[in-house]
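Heads up: the structure comes next, in structure tokens.
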Amino acid sequence: MKAIVFTEFGSSVVLKEAEVPTPSAEAGEVLIRITHASVNPVDWKIREGFLKSMFPHRFPVIPGWDASGVVFAVGEGVTSFQPGDEVFAYARLPEVHSGTYAQFIALPTSAVSHKPKTLSPAAAAGVPTVALTAYQVVHHVAKVRAKERVLITGGAGGVGSYAIQLVNILDGITTATTSQKNSAYVAELGAKHVVDYEQSSARRELEVAAPGGFDVIIDTVGGDALIEATQVLKPGGRIVSIVETPKNGTFHFVYPSAQELSAIADLFDAGSLRVPETTIRSVREAASAQDESRTRRVRGKVVLAIDLDQAP
Ligand SMILES: NC(=O)c1ccc[n+]([C@@H]2O[C@H](COP(=O)([O-])OP(=O)(O)OC[C@H]3O[C@@H](n4cnc5c(N)ncnc54)[C@H](OP(=O)(O)O)[C@@H]3O)[C@@H](O)[C@H]2O)c1
């Protein structure tokens with residue numbers, strides 16, 4: 001099959017198109033013909049070697065942890081999927097080697113869910129990593145409850161856009177930070193209060209949004225944004241970051257879960273969730289798409305169509 005690979009850590013110039021062995025579905029796995037992948041900041045972080053102490057890596061590495069596509073074959077013992085099923089997956093495997101910027105991937109069924117019926121394959125590809133992260137943080141780590149005041153940093157990003165929606169579903173009161181250019185967009189996603197972090201009045205606006213401080217902070221930005229958010233946490237409030245370990249708070253790293261992905265699919269099909277703004281590019285533009293992600297200013301999601309001519 002064809003894939004985008006890299007054989008050494010480095011800038012986006014290390015990404016190359018290559019012919020690699022097509023995987024097969026082993027027992028308990030499905031082989032997915034991928035139609036779309038999506039770009040996440042973790043893709044360029046892995047390419048630059050930032051996660052090499054966290055996970056074993058084996059070159060050549062195919063980047064990408066998000067996939068949507070069609071089941072091509074199933075391994076022994078698989079009864080929940082059959083060839084032709086439309087699926088999506090958070091495709092992180094124990095070893096960083098086989099990713100989703102490729103024509104096929106074999107995954108354990110524990111990572112794969114049927115695609116939401118109401119989403120196109122392209123839109124669905126942008127969902128798994130960011131929606132699962134937000135879902136796990138909101139439900140299992142921060143354990144947001146109704147009427148709690150929740151500050152979400154990075155409201156225009158992939159994870160932030162789902163955190164806003166998932167907190168709203170629980171009847172929490174959302175405040176999200178973003179730059180001025182994305183303020184209307186973030187309000188449209190459902191944030192009750194939108195604070196432009198570039199304004200000198202930002203701190204005061206946050207204090208007005210949550211007199212006495214926020215019950216919960218969900219940080220998707222890190223650095224100064226996390227430090228500033230911590231200053232408006234109420235005494236005894238909970239703070240969770242997906243970027244770094246906060247002082248007196250929790251760092252969360254997303255884990256694959258077919259069950260949670262399927263719950264997210266149900267939320268889409270019930271009309272309770274919507275996809276953030278999605279831009280579709282060819283996987284052959286992976287290098288520029290990763291460079292764009294690296295600016296940290298992408299709004300919504302960038303999806304890569306896997307169109308490396310024809311499949312084997
Ligand atoms: N631990 C995990 O499991 C996990 C999972 C997913 C992602 N992550 C990490 O979480 C971070 C966010 O991921 P993502 O996919 O949501 O990223 P993303 O979609 O690339 O986020 C980009 C957004 O961040 C906003 N932003 C940048 N600086 C900001 C600031 N100072 N304050 C508020 N908003 C700011 C930008 O909006 P403006 O242009 O309006 O500023 C932009 O829309 C990344 O570092 C990623 O690696 C971790």
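Keep in mind that this is a model prediction, so the values were computed, not measured.
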Do the non-hydrogen side-chain atoms of [X] and [Y] ever get within less than 4.5 Å of each other?
X	Y	result
Met54	Phe253	yes
Arg281	Ser288	yes
Pro256	Trp65	no
Glu188	Arg274	yes
Val14	Phe9	no
His139	Leu170	yes
Leu132	Tyr162	no
Pro83	Leu31	no

Please say yes or no: joined through hydrophobic side-chain contacts below 4.5 Å, possibly via intermediate residues, are [X] and [Y] part of one cluster?
X	Y	result
Tyr90	Val127	yes
Val71	Leu93	yes
Leu119	Leu189	yes
Val303	Val130	no
Ile173	Val208	no

Quick check: are there more than 12 heavy atoms from other residues, nucleotides or ligands sitting under 6.0 Å from [atom1] of [X]?
X	atom1	value
Lys45	NZ	yes
Gln231	CD	yes
Lys143	NZ	no

With rounding to the nearest 0.5 angstrom, report the [atom1] to [atom2] distance, [X] to [Y].
X	Y	atom1	atom2	answer
Thr129	Asn40	OG1	CG	4.0 Å
Ile62	Phe104	CD1	CZ	12.0 Å
Ile306	Gln103	CD1	CD	8.5 Å
Leu51	His57	CG	NE2	6.0 Å
Arg297	Arg299	CZ	CZ	11.5 Å
Ser24	Glu29	OG	CD	8.0 Å

Take Phe268 and Val275 through the side chain to side chain contact (heavy atoms under 4.5 Å, CB included) test and state the conclusion after the steps. CA-CA 8 Å; Phe268 279 109; Val275 284; 3.8 Å; yes
List in chain and number order the residues that pass side-chain contact (heavy atoms from CB on, under 4.5 Å) with [X], two or more places apart in sequence or in another chain; answer none if no residue qualifies.
X	answer
Asp269	Pro116, Lys117, Thr118
Ala91	Thr100, Ile105, Leu107
Val221	Thr153, Asp219, Ala225

Please evaluate residues Ser12 and Arg294 with respect to the criterion side chain to side chain donor-acceptor pair (under 3.5 Å), reporting the C-alpha separation (whole Å), side-chain torsions for both, the decisive distance (0.1 Å), and the verdict. CA-CA 10 Å; Ser12 60; Arg294 206 178 183 290; over 6 Å; no
Could I get the full list of salt bridge (Lys or Arg N to Asp or Glu O under 4.0 Å) partners for [X], not counting sequence neighbours?
X	value
Asp215	Lys234
Arg296	none
Arg204	none
Glu17	Arg284

Ring-plane angle category for Tyr255 and His252, please: parallel below 30°, perpendicular beyond 60°, tilted otherwise. perpendicular
Identify the heavy atoms of [X] and [Y] that sit nearest to each other, and give their distance.
X	Y	answer
Asp196	Ala202	O-CB, 3.6 Å
Ala89	Leu261	CA-CD2, 3.8 Å
Phe88	Lys115	CD2-CA, 3.8 Å
Tyr197	Ser179	CE2-N, 3.3 Å
Ile218	Ala163	CG2-CB, 4.5 Å
Ile4	Ala286	CG2-CB, 4.4 Å

Determine whether Phe6 and Ile46 satisfy the following criterion, side chain to side chain contact (heavy atoms under 4.5 Å, CB included), listing intermediate values before the conclusion. CA-CA 10 Å; Phe6 60 94; Ile46 286 177; 4.0 Å; yes
Can you list the steps and then say if Leu166 with Val144 is a side chain to side chain contact (heavy atoms under 4.5 Å, CB included)? CA-CA 9 Å; Leu166 291 167; Val144 172; over 6 Å; no
Run through the side-chain heavy atoms of Ile, Leu, Val, Met, Phe, Trp and Tyr, join any pair under 4.5 Å, and report what else lands in Ile239's cluster. Leu151, Val195, Leu206, Phe214, Ile217, Leu226, Val232, Leu233
Could you list the residues that satisfy side-chain hydrogen bond (donor to acceptor under 3.5 Å, both in side chains) with [X], not counting sequence neighbours?
X	answer
Thr175	none
Gln290	Arg47, Tyr101
Ser293	Trp44
Arg238	Glu148

Given Gln165, which of Val138, Leu273, Thr174 fulfils the side-chain contact (heavy atoms from CB on, under 4.5 Å) condition? Leu273
Against Thr109, only a single residue in Val30, Thr79, Val87, Val74 fulfils side-chain contact (heavy atoms from CB on, under 4.5 Å); can you say which? Val30
Short side-chain donor-acceptor distance under 3.5 Å, Glu260 and His140: yes
Side chain to side chain contact (heavy atoms under 4.5 Å, CB included) between Asp85 and Gln82, intermediate numbers included: CA-CA 6 Å; Asp85 285 357; Gln82 40 188 317; 3.7 Å; yes
Result for side chain to side chain donor-acceptor pair (under 3.5 Å) between Arg203 and one of Glu207, Gln199, Glu205 points to Glu207
